[in-house]
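Before any comments, here is the structure.
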Amino acid sequence: MSLDAQTLIDWFADSARDLPWRRSDCTAWGVLVSEIMLQQTPVARVEPIWHEWLARWPKPSAMAEATQGEVLRAWGKLGYPRRALRLHAAAQAIATEHNDVVPDDVDTLLALPGIGAYTARAVAAFAYGQRVPVVDTNVRRAVARAVHGAGDAGPPSTTKDLRDVEVLLPEDDAAVFSAALMELGAVVCTARSPRCADCPVFETCAWQLNGRPAYDGPAKAVQKFAGTDRQVRGLLLDVLRGTVEPVDKTRLDRVWSDAGQRDRCLHSLLVDGLVEQTADGRFALPGEH
DNA sequence: CACACGTGGAA
DNA sequence: TTTCCAAGTGT
């Protein structure tokens, strides 16, 4: 094959970033929190919040006792705040149903809110050393190039992606290999300008041997943000994050001029459980009034 | 399977 | 300035 596991593991041992959730004293809970925060969010923005969270809520039962509003406020502007709510719900499930211990098997992890195919395996591998394929966007890209010789990964397919990586796993140190493969995609085999001169598997890379062909799959849909409901919801939530007291609707009305879109977004936030209405008709983060 | 879901920094 | 993209999940 065109990707030697030991070469990658050696490179990782030598040059891996010193991230707090990778340290030997990090708990499984710390790993889980990091994985949720890192979903679609860069390491640099996660790190400071992760430290705050682990200091404030060192184990699942501690966070389980917090209100949803406290959790959403602590989440700050990491984005996709539904993740915070789901992590809170997962903490409550772990505290009450799993004796305050983060589960170590993929199927039990998958049953928790906010934990999908990637995160379940990431926790099983990185917190418990299990030999399971861990496939994120970095791994998909690195494997597409180094193994398949393509310019980039095609559309995701959980079943196929897991199988593609499963066959690469070494018998020993599979979890370290998985971390190394992710690291390779994150810092060397990047989406925009891969740093091939620094790549530990440059000599055997199928993409190099293939003449560095351009990506030829279906075009990737780029997400719009300006003007979307996502932006309006963010503005609405930002007001509530900044206040202790519930606010009147007139205060929320100031964040966006289009009344129809504004009301639709406020409604969807209520439906999603990210906002609550008080008995007197004002609005606040959930669980605090 | 395609789409909605936040946010901010770099190219 | 605009576009791209960053350790995905749920419906």
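Values below: every heavy atom of this structure, side chains too, minus hydrogens, waters and symmetry copies. Note that the coordinates shown come from a computational prediction; the quantities given were computed from them, not determined experimentally.
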(message) For the C1' atoms, the ones on B:dA10 and on C:dG8, what distance do you get once it is rounded to whole angstrom?
(response) 22 Å
(request) Please report, rounded to the nearest Å, how far the C1' atom of C:dC4 is from the CZ atom of A:Arg141. (result) 12 Å
(request) Starting at atom CD of A:Gln39, determine the distance to atom C1' of C:dA6, rounded to an integer number of angstrom. (result) 12 Å
(request) May I ask you to say what A:Trp21 touches in the nucleic acid, namely base, sugar-phosphate or nothing, with a heavy-atom cut-off under 4.0 Å? (result) base
(message) I need the single residue from A:Asp263, A:Val271, A:Leu269 that forms a side-chain contact (heavy atoms from CB on, under 4.5 Å) with A:His267. Which is it?
(response) A:Val271
(request) Before accepting this row, confirm whether a basic side-chain N of the pair A:Asp280/A:Arg282 lies closer than 4.0 Å to the acidic partner's carboxylate O. (result) yes
(request) Describe the nucleic acid contact of A:Pro156 in one word from base, sugar-phosphate, nothing, applying a heavy-atom distance below 4.0 Å. (result) nothing
(request) Grab the CZ-P distance between A:Phe225 and C:dT1 for me, whole Å please. (result) 17 Å
(request) Taking atom C1' in both B:dC1 and C:dT9, compute the distance separating them and give it to the nearest angstrom. (result) 14 Å
(request) Using atom OH of A:Tyr80 as one end and atom P of C:dC5 as the other, report the distance to the nearest whole Å. (result) 14 Å
(message) What's A:Thr228 touching, base or sugar-phosphate or nothing? Going by heavy atoms closer than 4.0 Å.
(response) nothing
(message) Given B:dC5, C:dC4, C:dT9, identify the nucleotide with an atom nearest to the side chain of A:Tyr118.
(response) C:dT9
(request) Rounded to whole angstrom, note down the C1' distance from B:dG6 over to C:dC4. (result) 16 Å
(message) Just to verify, which of A:Val176, A:Leu8, A:Ile9 counts as forming a side-chain contact (heavy atoms from CB on, under 4.5 Å) with A:Leu181?
(response) A:Leu8
(request) May I ask you to say what A:Asp229 touches in the nucleic acid, namely base, sugar-phosphate or nothing, with a heavy-atom cut-off under 4.0 Å? (result) sugar-phosphate
(request) Report the nucleotide, chosen from C:dC4, B:dT7, C:dA7, that has the shortest atom-to-atom distance to any side-chain atom of A:Asp136. (result) C:dA7
(request) Specify the residues of residues 255-269 of chain A, ordered by number, for which at least one heavy atom lies under 4.0 angstrom from an atom of DNA chain B. (result) none
(request) Report the residue from A:Leu235, A:Leu252, A:Asp253, A:Asp229 that forms a side-chain contact (heavy atoms from CB on, under 4.5 Å) with A:Arg262. (result) A:Asp253
(request) Grab the CG-C1' distance between A:Leu78 and C:dC5 for me, whole Å please. (result) 16 Å
(request) Using whole Å, report how far CG of A:Asp161 lies from C1' of C:dA7. (result) 15 Å
(request) Determine, for A:Arg23 against A:Asp18, whether the closest basic-nitrogen to carboxylate-oxygen distance falls under 4.0 angstrom. (result) yes
(request) With heavy atoms under 4.0 Å as the rule, sort A:Arg121 into base, sugar-phosphate or nothing. (result) nothing
(message) Could you check whether any side-chain heavy atom of A:Phe283 comes within less than 4.5 Å of a side-chain heavy atom of A:Leu270, counting everything from C-beta outward?
(response) yes
(request) Would you classify A:Arg86 as touching base, sugar-phosphate or nothing, given that sugar-phosphate means primed atoms plus P, OP1 and OP2, and contacts are heavy atoms under 4.0 Å? (result) sugar-phosphate
(request) Group every Ile, Leu, Val, Met, Phe, Trp and Tyr by side-chain heavy-atom contacts under 4.5 Å, then state whether A:Met37 and A:Val102 land in the same group. (result) yes
(message) Please classify the nucleic acid contact of A:Leu19 as base, sugar-phosphate, or nothing, using heavy-atom distances under 4.0 Å.
(response) base
(message) Can you tell whether the side chains of A:Glu47 and A:Arg17 come within less than 4.0 Å, N to carboxylate O?
(response) no
(request) Remember a base hit wins even if backbone is also touched, and classify A:Gly116 as base, sugar-phosphate or nothing at under 4.0 Å, heavy atoms. (result) sugar-phosphate
(request) Using atom CG of A:Leu32 as one end and atom C1' of C:dT9 as the other, report the distance to the nearest whole Å. (result) 14 Å
(message) Using a distance-only criterion (donor-acceptor N/O pair, under 3.5 Å, no hydrogens), is the base of B:dC5 paired with the side chain of A:Gln223?
(response) yes
(request) Quick one: label A:Thr137 by what it contacts on the DNA or RNA (base, sugar-phosphate, nothing), any heavy atom closer than 4.0 Å. (result) sugar-phosphate
(message) For A:Arg82 and A:Ser193, find the nucleotide of DNA chain B closest to each by heavy atoms; which residue's nucleotide sits nearer the 5' end?
(response) A:Arg82
(request) Between B:dC5 and C:dA6, how far apart are the C1' atoms? Round to whole Å, please. (result) 15 Å
(message) At less than 3.5 Å, do the side-chain atoms of A:Arg83 and the base atoms of C:dT9 form a donor-acceptor pair?
(response) no
(message) Applying a 4.0 Å non-hydrogen cut-off, can you work out what A:Ala44 is touching in the nucleic acid: base, sugar-phosphate, or nothing?
(response) nothing
(request) Could you check if a side-chain atom of A:Leu85 sits within less than 4.5 angstrom of a side-chain atom of A:Leu72, using non-hydrogen atoms only? (result) yes
(request) Using atom CD of A:Gln231 as one end and atom P of B:dA4 as the other, report the distance to the nearest whole Å. (result) 15 Å
(request) Specify the residue among A:Arg233 and A:Pro155 whose closest nucleotide of DNA chain B lies further upstream toward the 5′ end. (result) A:Pro155
(message) What's A:Ile115 touching, base or sugar-phosphate or nothing? Going by heavy atoms closer than 4.0 Å.
(response) sugar-phosphate
(message) What's A:Ala191 touching, base or sugar-phosphate or nothing? Going by heavy atoms closer than 4.0 Å.
(response) sugar-phosphate
